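Beneath this line is the structure, given in C-alpha cells, with notes to follow.
Hydrogens, waters and symmetry mates are skipped; everything else that's a heavy atom, side chains included, is used. All figures in this text were calculated on a predicted structure; none of them were measured in a lab. In what follows, chains carry the letters A, B, and so on, assigned in the order in which the sequence lines appear, proteins first and then strands, with residues in each chain numbered from 1.
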Amino acid sequence: MENLLEVKNLTTRFHTFDGIVHALNGVTFHVGKGEILAVVGESGSGKSVAMMSILGLLPSPPATIDAGSAKLFTKDTAVDLLTLSKAEMNRVRGRQIGFIFQDALSALNPVMTVGSQISETLVRHLDFSWGRARTRTIELMNQVGIPGAAQRLNQYPHQFSGGMRQRVMIALAAACRPRLLIADEPTTALDVTVQAQILELVLRLQREMDLSLIWITHDLGVVAGLADRVLVMYAGRPVETAPVDTLYDHPLHPYTRGLLRAVPSLDRDTKAPLESIEGLPPDLLSPPCHCQFAWRCPCVFDRCWQDNPPYLEVAPGHIVTCFYDLDNGRPH
Amino acid sequence: MQRYFISRVIQSLLVLAGVLMMVFFMMHLTGDPAGLMASRNASPEEIARLRDQMGLNRPMTIQFFEFAIDVLSGDFGNSTRYHQPAMDLILERLPATVELASISLFISMIIGIPLGLLGGSNPNSMVDYLARGAGLFGQTVPNFWLALILILVFGLHLGWFPTFGRETWRFMGLTLPTRSVFLPACSLSLFTLGQLARFTRSAVMEVRSEDYILTARSKGLSVRRIYIQHILRNASIPLISIVGVQFGYLLSGSIYIETIFSWPGLGNLLADAIGNRDFALVQGIAFFSSFVVVILNLLTDMAYATADPRVRYGE
Amino acid sequence: MGNNKMSEPQKAQGHQGATGLGVDQQKKQGVMPVLQYVWRLFWRDKPGLLGLIMVLILVFCAVGAPWITAYDPVKPNLRDAKKPPVWMENGIKGHLLGTDNLGRDLFTRIIYGSRVSLTVGFLGVLMACSAGMAIGMAAGYFGGRIDALIMGLVNMILALPYLVFVVFIAAILGRSLLNVILIFGLTDIPIFVRIARGEVLRMREAGFIESAQSVGASTFRILSTHVLPNLIGPLITLATFEMSAMIFYEAGLGFLGLSVPPNVPSWGNMLAVGRQYLTIYPWFATFPGLAIVFAGIGMNLLGDWLRDALDPRLRRMKR
C-alpha cells in the first residue's frame with residue numbers, strides 16, 4: 001500500500017512553570033492511502049498531541065516541536081508538514097487533512113450558525129461563493145444524516161443534540177473531501193447507542209470518499225471492528241504497531257497485553273476480578289532515559305533500567321519497542 | 001427569551017422598590033432628619049418646628065408611604081436651598097451630565113477596546129504591556145487628581161483647553177459640545193478606559209484559548225478570518241455588559257470631575273446639595289441616579305440576551 | 001526475577017512522580033522550602049515582587065512615621081508656609097517636598113497620611129471580608145430561600161451607583177475615622193458575599209461537601225475544616241484589590257471634605273487643600289496624589305500576583 005503520511009521521530013515538549021514536559025519522545029508511524037489506523041493509549045500518552053503537532057495546532061508557547069518530520073504524500077510530491085510556513089499549512093488543514101474533535105459542543109463556535117461554520121471551509125479552500133457553499137453545506141448535512149438540513153443550517157450548535165452536533169463536526173471536517181481524516185475520540189462524549197451510529201457514519205464516509213482515517217481512542221473494544229492497523233502509545237512513544245488481527249491474536253508488548261486483558265468481555269467469568277495494569281503512567285516532567293513502562297512492567301529486567309528500547313520489526317508491519325521477547329519468554 | 005425579559009423587568013422593579021426604601025431610611029440613620037436638614041446654627045425650637053412641619057412626628061410607615069407615592073408621581077420634594085422642586089433641578093442639570101458621560105465613554109471605547117484587542121492578541125508584547133498598564137493606571141490613578149494635573153498642564157501651562165464650566169455650540173437647533181468638555185471627559189474616562197482595555201484583553205485571551213478557535217484553525221481559515229469572525233465576535237458579547245455598566249458608572253460617578261471643572265451637571269448639583277445640607281435634593285439625586293443605572297442595566301442585559309444566541313434561543 | 005530488588009525504590013519514585021505536583025514540592029518538605037517556593041514564584045513574576053516591596057514600604061511608613069520624619073504633621077508653622085519643594089527656586093532645606101498653606105512639611109503629612117489610608121483600608125476590608133465571608137458561606141451552604149434573599153439584596157446593592165450612596169451616607173454621618181471605616185466596611189460586604197458564595201457553590205458542585213456530610217460531619221465542622229480553608233485564597237486576593245479601592249475612595253471622600261476631620265493628615269484632605277491653591281502652589285496637590293497612585297499600584301500588583309499564585313489551575317499553565 002502507498003503511504004499517505006509518514007511521521008518520523010516526532011518530539012514535542014511543553015515548557016511549563018514546573019519544568020519541561022516531554023510529551024512526545026520520538027514518535028514514528030505511517031498511514032497508508034485509504035487505510036484506517038487506530039491510535040490507542042491512556043490519557044496523557046500523547047495520542048492527541050501527536051496529531052496536533054503534525055498539524056501545527058499546539059499553542060506555542062508552551063509547546064515546541066524539537067525534532068522529527070511528518071511527510072504528506074500528494075500526487076507525486078512529498079511535503080514535510082513540520083517545515084511548512086503558516087500560509088502553506090493553512091492550505092493543508094481542512095483541505096488535505098480534516099480534524100474531528102472530541103467534544104463538539106465546545107469545538108463549535110456557539111455564536112455562529114452551524115451552516116456558516118461548515119460553509120466557511122468551502123469558501124476558504126474551494127473558492128466557492130457563499131451561495132454555492134450553502135447548497136453544498138445542505139448536501140453535506142444530508143450526507144451525514146442530519147434531517148431537515150435546509151432549516152437546521154441556520155441554527156446554533158446548542159440547539160442540536162449531542163449526536164447531531166458530532167455529525168455537524170464530521171460534516172465540517174469532511175467538507176472539502178480531505179485525503180486524511182483525524183478523529184480524536186469522537187464518540188467519547190456520547191451515549192453508547194449514538195456512539196455506534198457515529199462510528200458507522202465515519203466508516204461510511206471513509207469508504208465513500210476513499211479517505212485515510214486516523215481514529216484516536218482509549219477503547220480497544222471499538223478498535224477491533226474498525227481499524228486496519230493499530231498503534232499503541234505509552235508515555236509519548238509508540239510501544240507496538242501491528243495489523244489489527246495480529247495485535248489481538250499475538251500482542252508482543254507487555255503493555256499491549258495488559259490492555260487487551262483489561263478489556264471486559266461479556267463471556268468472561270463474572271466472579272473473577274476485572275483485570276487492570278498496576279501503577280500509573282510516569283510523570284513526563286522528568287522522564288528517565290530508560291523504558292518508560294519499566295515501573296509497571298511484569299517482565300522487567302536489568303536492561304530495561306538502562307536504555308530506551310529501539311523500534312524492533314519482529315514481523316513485516318509488526319513493530320514493537322521492548323527488550324523482552326514475550327514469544328520465547330526471554331530477552332531478545 | 002420573553003420569560004427572561006419579563007423576569008428581568010420584575011427584578012428591576014424590586015430593586016427600585018429597595019432603593020426607595022434605602023433612600024428614605026438613610027435619612028433616619030442619625031435618628032433625627034430634622035436636625036440634619038436644618039441649618040448648622042439652628043436653635044432647638046427651630047428644629048422642632050421643622051420636624052413638625054415635615055411631619056416627622058407621625059408613624060414611620062405613614063411617612064414612608066407618603067414619600068413613596070410622591071416619588072412615584074415624580075415629586076422628590078422641594079430643594080430647601082433653591083426653593084424649587086428637586087426634579088426640576090435634576091432635569092435641568094441632566095443634559096450636561098449626559099454629554100460628559102457620553103463623550104467620556106466614546107473616548108474610553110475608541111482607545112480602550114482596540115488596546116485590549118491588540119494586547120490580548122499579542123500577549124507579552126509592547127501593546128500588551130500598554131493595555132495592562134492602562135488597566136492598572138485606570139484603577140489606581142484617582143480621576144480627581146488626574147483632573148488637577150490636566151488643569152495644570154493643558155489648562156494653565158499650555159492654555160489649550162478651558163478649565164472651567166461648560167460651553168455649548170448651538171447648531172440647527174441642536175446643542176453640541178465644544179472643547180470645554182475635553183479635559184473633564186479625559187479625566188473621567190481614565191477609569192473606564194482602563195476597565196475596557198482590561199476586560200477586552202482578558203475576553204480576547206479567553207476566547208483565543210477556546211476549543212472552537214482550535215477547530216477554526218484546523219479548518220485552515222486565514223488568521224484574519226479567525227480574528228474577525230471567531231475571536232472578535234465572541235469576545236465582543238461580554239463587552240456589551242461592560243460598556244453598559246461603565247456608562248452607568250460614568251453617568252453617576254462624575255461628582256469629583258464636575259465639581260473640579262464647575263461642570264453644571266448632576267454630580268456638581270449633588271456636591272452643592274451636600275454642602276448646603278439640602279437633603280431633599282440629595283435624596284432625589286440618589287434615587288434618580290439609581291433609577292437611571294437600573295434601567296441601563298436592564299437595557300444592557302436585554303442587548304446581551306439578543307446578541308448571544310445561547311440566551312436568545314435558550315430556555 | 002532477581003532484578004526486582006533493584007526496581008522497588010525506583011518504582012516508588014515513579015508513582016510519586018505521577019501525582020501531578022511540582023517536582024520541588026515533593027522533594028523537600030517543611031517551612032524553608034515553602035518559603036523558597038514562594039520566593040521563586042515572586043522572582044519569576046517581577047511585577048508581583050515590585051508590588052510586595054511597594055506595600056511593605058507603605059506599611060513601614062505608616063508604622064514608623066515618627067522615626068522617618070522629625071516634623072509634627074499637625075502643628076502649623078506659618079513662618080515657613082507655602083515653600084516649594086527643595087529642588088525648586090525658593091525651596092528650603094529640610095522640607096523635601098515643600099510645605100503647605102500652614103507651613104507644615106508636606107513629606108511628613110504624606111507619611112502620616114498613609115496611617116489613615118491603611119487603617120481605613122485594613123479595618124474596612126477586615127470588616128467587609130469577615131462579614132461577607134460568613135454571609136456568603138451561609139448563602140452558598142444552606143441555599144434555598146436564605147440564598148435567594150441574600151443574593152437578592154447583594155445584587156440590589158451592587159446595582160446601585162456606589163459613589164452616590166457613599167457620598168450620601170458620609171454626608172449624613174459626618175466626618176470621623178470610625179464613620180469612614182464603617183461606611184466602607186458595610187458597603188463592601190456584598191462583593192465578598194458574592195465571591196464566597198460562588199466558591200462554596202463550586203465546592204458543592206465538586207462534591208466534597210456532600211461526601212463530608214455523608215460521613216456524618218457536623219455543619220460547623222464542614223464549614224470550618226472543609227469550606228473555610230478553600231475560601232482563604234480567593235478572599236485574600238479580593239481583599240487586596242478591595243483595600244486598594246478603599247484607599248482610593250477614602251481619598252475621594254476626603255477630597256470632597258467628607259472623610260476624616262480636616263486637621264488629620266490624610267491624602268484626601270491634602271488634595272482638597274491642594275485644589276484650592278492649585279494655580280499658585282501646584283505641589284500641594286501633586287504629591288499626595290502620587291502617594292495614592294503608589295499605594296494603589298503596589299496593592300494591585302500584589303493582588304495580581306496573589307491571584308496567579310493561589311490559583312493552581314492558572315499556575316500550571318503559566319510559562
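Phe5(B) does not carry Arg8(B) over the face of its six-membered ring by the limits of under 6.0 Å from the centre and within 45° of the normal.
Note on ring orientation: taking the six-membered ring where Trp is involved, the planes of Tyr156(A) and His158(A) are parallel (angle under 30°, cut-offs 30° and 60°).
Contact of Ser209(B) with chain A is not made at all, since no heavy-atom distance falls under 4.5 Å. Interface remark: Ile213(B) contributes no atoms to any contact with chain A (heavy atom separation under 4.5 Å). When heavy atoms are compared at a cutoff of 4.5 Å, Glu120(A) approaches chain B by way of both its backbone and its side chain. The contact between Leu172(A) and chain B is made entirely by side chain atoms (from C-beta outward), counting heavy-atom distances below 4.5 Å. When heavy atoms are compared at a cutoff of 4.5 Å, Arg208(B) does not approach chain A at all.
A side-chain N or O of Thr97(B) and one of Glu258(B) form a donor-acceptor pair less than 3.5 Å apart. With hydrogens and angles left out, the side-chain atoms of Gln155(A) and Arg152(A) include a donor and acceptor closer than 3.5 Å. For the 3.5 Å distance criterion, the side chains of Ser218(B) and Thr215(B) fail to qualify, holding no donor opposite an acceptor.
The candidate with the highest count of non-hydrogen atom pairs below 4.5 Å against chain B, out of Gln117(A), Met89(A), Arg91(A), is Gln117(A). Of all the listed residues (Ile97(A), Leu108(A), Leu55(A)), the one sharing the greatest number of non-hydrogen pairs under 4.5 Å with chain B is Leu108(A).
When each of Thr137(A), Leu122(A), Thr121(A) is paired with Phe128(A), the side chain to side chain contact (heavy atoms under 4.5 Å, CB included) condition holds for Leu122(A) and for no other.
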